[in-house]
Amino acid sequence: MEMVEEMDALSITGQPEVRITHILLSIAGQEVNTPAAVGKFLHLKYLEIEALTPDISTDYDFCSLVSFLGASPALETFILRIGMPTMRSDSIVDASDGDPFQQHCTSERCHDNLKKVMITGFCSAKSMIALTMHIVAKAKSLECLTLDTTRGHDRRFIKVDKCLKLSKDAFTEAEKALLAIRRYVEGRVPPAVNLKVIEPYSKCIN
């Protein structure tokens, strides 16, 4: 993992204190499951995690990221960017094990200050749905939830009529992700939360 921290240094009783307010965390490696976050990020308000390497397993457990949320009681914005291998072997849409919610994130800790969540590269993995449902249930102050199946709508050209090109496999996975959102997420998001679902256009297929 590579961590980039933006810090504000304060002076209290003559001793320097470092407040970590922003973290950009990049996950890389072939066998990665995020360990429990050590300690507390008491002042952290913005957390962005990028999992962009193509070498990460398609069985990656997204629930492991809950430890970062639990370690950040002041967190207001959480952004997760996924650029992993496209087709999921653990798709909830393809599940035939009876209970689609067999996998869930075990943490009971609430995220009282979390207001904005965006997941780009949203997929149909069981653990991705479990992570999303955990956030919906535990973030009582949530105002906006953006689920982007196109891998980065917020980084597109604003004034140019272009879209990010997707492979056929990526487009198929995006369709599964949309189906998973409609089946398992939409009906559980409170009316006060602005749910934004970003889907690709057919013209965006490579």
Side-chain angles (χ1 to χ4, degrees), residues 27 29-34 48-69 78-107 114 116-139 142 144-156 163-190 193-206:
I27 298 174
Q30 220 166 8
E31 297 289 340
V32 178
N33 259 338
T34 311
E48 181 172 343
I49 296 177
E50 294 186 322
L52 302 179
T53 173
D55 294 329
I56 294 182
S57 168
T58 55
D59 296 324
Y60 181 81
D61 182 8
F62 294 105
C63 280
S64 63
L65 300 177
V66 168
S67 61
F68 287 100
L69 303 182
F78 174 55
I79 296 175
L80 175 60
R81 302 187 188 277
I82 307 298
M84 295 179 176
T86 319
M87 300 300 291
R88 297 291 306 192
S89 60
D90 57 347
S91 173
I92 195 171
V93 174
D94 300 330
S96 58
D97 53 8
D99 182 8
F101 297 108
Q102 185 176 359
Q103 182 169 3
H104 59 277
C105 302
T106 57
S107 174
L114 190 59
K116 179 183 177 183
V117 174
M118 180 171 67
I119 303 176
T120 68
F122 188 90
C123 65
S124 63
K126 293 179 184 179
S127 63
M128 174 67 81
I129 302 301
L131 173 64
T132 305
M133 297 313 306
H134 171 85
I135 291 172
V136 168
K138 299 298 184 181
L142 190 63
C144 182
L145 174 62
T146 301
L147 306 178
D148 174 21
T149 65
T150 70
R151 300 171 187 250
H153 79 280
D154 62 316
R155 291 182 172 181
R156 292 181 185 173
C163 62
L164 299 176
K165 293 296 183 180
L166 297 175
S167 67
K168 289 184 178 180
D169 283 350
F171 190 80
T172 298
E173 176 55 40
E175 289 183 323
K176 287 184 179 182
L178 290 170
L179 182 57
I181 292 169
R182 295 187 184 110
R183 282 185 183 177
Y184 306 114
V185 178
E186 284 185 350
R188 292 172 171 80
V189 176
V193 177
N194 181 14
L195 174 63
K196 300 179 181 179
V197 179
I198 312 299
E199 55 186 280
Y201 297 103
S202 57
K203 67 178 182 180
C204 297
I205 304 177
N206 270 341

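Remember, predicted model here, so these are calculated numbers, not experimental data.
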- line: Residues E50 and E48: closest non-hydrogen pair is OE2-OE2, 3.7 Å

task: I would like to know whether V197 and V185 meet side chain to side chain contact (heavy atoms under 4.5 Å, CB included); could you show each step before the answer?
output: CA-CA 11 Å; V197 179; V185 178; over 6 Å; no

- prompt: Would you say S127's side chain and F62's backbone share a donor-acceptor pair under 3.5 angstrom?
  reply: yes

Side-chain heavy atoms of M128 within contact of I82, under 4.5 Å: yes

field: pair F171-T149: side-chain heavy atoms closer than 4.5 Å
entry: no

Distance in Å, Y184 OH paired with I92 CD1, rounded so as to fall on 0.5 Å steps: 5.0 Å

query: Rounded to the nearest 0.5 Å, what separation is found between the CD atom of E199 and the CD atom of E175?
result: 9.5 Å

message: Quick one, I198 and T120 - any side-chain contact, counting heavy atoms below 4.5 Å?
response: no

message: I need the minimum non-hydrogen distance between T150 and P200, along with the two atoms involved.
response: CG2-N, 3.3 Å

message: I'd like to check L195 versus L147 (side-chain heavy atoms, cut-off strictly below 4.5 Å). Are they in contact?
response: yes

- request: Would you give the length of the straight line joining atom CZ of F78 to atom CD1 of I135, rounded to the nearest 0.5 angstrom?
  value: 5.5 Å

query: Which heavy atom of K176 sits nearest a heavy atom of V93, and at what distance?
result: O-CG2, 3.4 Å

message: Once side chain to side chain contact (heavy atoms under 4.5 Å, CB included) is applied, do any residues pair with K116, and if so which ones, sequence neighbours excluded?
response: T77

query: Side chains of L131 and L80: closer than 4.5 Å at any heavy-atom pair?
result: yes

query: Would you call V136 and P190 a side-chain contact if the rule is heavy atoms closer than 4.5 Å?
result: yes

query: Taking C-beta and beyond as the side chain, do E173 and D169 meet within less than 4.5 Å on heavy atoms?
result: no

Point-to-point distance, once rounded to the nearest 0.5 Å, from CD1 of I181 to CD1 of I129: 6.5 Å

